[in-house]
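Data first, discussion second: the structure below is written as C-alpha cells.
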There are 2 protein chains.
Amino acid sequence: MSSNFSITEENYIKAIYHLQQATGSVTTNELSASLLTKPASVTDMLKKLKVKKLLHYEPYKVFYLTAEGKKIALNIIRRHRLWEFFLVEKLAFGWDEVHEVAEELEHVGSKKLVDKLDSYLDFPKFDPHGDPIPDVNGKMSIVQQVNLTELPLNKLAQVTMVGSQSTELLELLSHKDITIGTKLEVKKKFSFDKSVEVKVKNLAPVNISEQLAKVLFVKPV
Amino acid sequence: MSSNFSITEENYIKAIYHLQQATGSVTTNELSASLLTKPASVTDMLKKLKVKKLLHYEPYKVFYLTAEGKKIALNIIRRHRLWEFFLVEKLAFGWDEVHEVAEELEHVGSKKLVDKLDSYLDFPKFDPHGDPIPDVNGKMSIVQQVNLTELPLNKLAQVTMVGSQSTELLELLSHKDITIGTKLEVKKKFSFDKSVEVKVKNLAPVNISEQLAKVLFVKPV
DNA sequence: AATTTTTTTTAGATTTGTCTAAAAAATATT
DNA sequence: AATATTTTTTAGACAAATCTAAAAAAAATT
C-alpha cells in the first residue's frame, strides 16, 4: 500500500500544492510554467488527478487539491525535506547543493524508510533552507518569520528561510556569507532603490538589493 | 553527466550482469524470466542496449555486456549494496527487509551522493548479505567462501553470503537463528537426503536440508 | 455589445516500455 | 536428413506522458 503514484504524478501534486499556497488555487498556465511543460500536457494530467480524486477540477476553471491530494503532497514534501536534512547533516552536502538530489530521493515511497529516516535524524522540524518538515501525520511547525524588508532597524534576527532554490541566488548568498541561521541586523534602509544595509556578525556592513531582501526571511531573536 | 539511463534500462543492465556471472552470457528467455517480462519485450531492449554500445548482441545469439555495460552494471550494484548497508547499519532495518527499498534507492544516480554515502559509511566492503560492494572504480573484494555443502566436518566457519533474497528463505533462516556472520560447524552429513547437521554457537544442533545448504556460503575462520 | 486577445482544451502524433500473435531461426527428435 | 519443438524475433497494438496545431471558452478591450 505504498505510494501508488508515478513520479510524474507526484511532481504535479507537489507543484500544485506549492502554487496553491499563495492564493488557494492554481491555473493551467501557472502549473505548466512551474513544471516546464506545455499547457496541453497539464490538462491531460489534471483530468487524471481528478479521476483519482486528488484534485478539484472543472474544465476552464481554476483547480486545487482535495484533502486526499493535500495529504499526499505533504508526504512528498516530508520526504523531500527529510532527505535534504540528511544530505546536509550526515553527508556534509552544502545546503545549496541538496535540492536536485532530494528531488530524486523524494520519490522513494517506502513509509518504513521515511519514518526510520525521520527517527534516525531525530525528528527534525526544519530543513536546511528553513522550511518546516511535515511530521508523520502531515503536521508542520510554523515559524513566526518576517520578510527581511519588514524587519525593523537595529533588531537582531536570524535567517530562517530562503524563498527560492535557484543556483544564482544561492551563489550570491554564499558570496555574501549569508546562510540559514546567520544572525544579522538591518542598519539602514535606502528609499531610492529599496536596498538595505545589513550588518552580519562583526563584519563590515553589506548592501542587500530589494530583489534579494524579498526572498530572505528572518526570525527576530 | 550523471546516469543517462532510464530505470528500466538500469534494471535490464543489472539483470544481465548477474545472469552472465554464471556462464559468461545470457539468453533472451533467461532474462525475460528474471525480469518477469515477455521475451518480445526483452528483444526490444536488447536492440536498444546494443545501439548504446552496452551490449554485445546479434539476433538469435546469446548476448553479454560490453566493458562499458559492465562498468555501468557495477555502478548500479555499488549503489544498491551501499544503500543496503546504510539501511541496516544506520536505519536499523533487518537485513532481510532491505532489498526492495534498495531496489528503488539504487536508481538515484548522483555520483556525489553515492561517493559521500560511501565515505559516510566508512567505505564498507560487504553488504548485509555478504555480497561485495564495488568501490568507486568498480573493484570489489573477493571472499574465499565455499558452499556449506563443501565445508568439511568440524571446521568452524562464518556465514558470509546467502544466495537468494526470497522472503521464504529469509524467514527460514531467521527461524533457525542463522544470519550473516553466524559462526557454525558441520557436525554430520547424511547421504540419504544430503542434509547436514550444523551446530550454531552453543545451541542444540539443527538440521539443514540440501536445498538450504546450497544457498548458504561460509568462510572458514 | 462586439471584437480581439489570452487561456484552456481537444485532436492527433511521438516516445518508451510493454503486450499478443504470428513468423523465422535454431535446436532437438525421430 | 527430415520433421517437430523450442527459442527468438517481428509486426502491430496499447498505456503513460509528452508534444504541436487547431478549436473552444473566458477575459480583456474597444
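Numbered from 1 within each chain, the chains take letters A, B, ... in sequence-line order. We use all heavy atoms of the structure for the numbers below, so side chains are in, but hydrogens, waters and symmetry mates are not. All values reported here derive from a predicted model rather than from experimental measurement.
Both K61(A) and D44(A) lie near DNA chain D, and the one whose nearest nucleotide falls closer to the 5' end is D44(A). Between P39(B) and P39(A), the residue anchored nearer the 5' end of DNA chain D, judged by the nucleotide with its closest heavy atom, is P39(B).
The side chain of Y60(A) lies closest to dA24(D) when the candidates are dT20(D), dA24(D), dT10(D). Closest contact between the side chain of T37(A) and the listed nucleotides dT10(D), dT9(C), dC19(D) involves dC19(D). The side chain of T8(B) lies closest to dT18(C) when the candidates are dT18(C), dT10(D), dT9(C). Distances were taken from every side-chain heavy atom of T28(B) (C-beta onward) to each of dC19(D), dT7(D), dT9(D); the shortest belongs to dT9(D).
Atoms CD (E9(B)) and C1' (dT15(C)) sit 12 Å apart, rounded to a whole Å. As rounded to whole Å, 13 Å separates atom C1' of dT8(C) from atom CG of L31(A). Remark: C1' of dT16(C) and NZ of K38(B) are 20 Å apart, rounded to the nearest angstrom.
Dashed line: the shortest gap from a side-chain N or O of N29(B) to OP1 or OP2 of dT8(D) is under 4.0 Å. Contact between the side-chain N/O atoms of S41(B) and the OP1/OP2 oxygens of dC19(C) is found at a separation under 4.0 Å. Look at K47(A) and you'll find a side-chain N or O under 4.0 angstrom from OP1 or OP2 of dT10(C). OP1 or OP2 of dT9(C) sits under 4.0 Å from a side-chain N or O of Y57(A). For dT18(C), one of the phosphate oxygens OP1 or OP2 lies less than 4.0 angstrom from a side-chain nitrogen or oxygen of Y12(B).
Of the possible donor and acceptor atoms, none in the side chain of S195(B) sits under 3.5 Å from a partner among the backbone N and O of F190(B). A donor-acceptor pair under 3.5 Å is formed between the side chain of T66(A) and the backbone N or O of K53(A).
Taking a cutoff of 4.0 Å between a charged side-chain nitrogen and a carboxylate oxygen, E10(A) and K14(A) do not qualify as a salt bridge. For R78(A) and D115(A), the salt-bridge test passes: some basic side-chain N is under 4.0 Å from an acidic carboxylate O.
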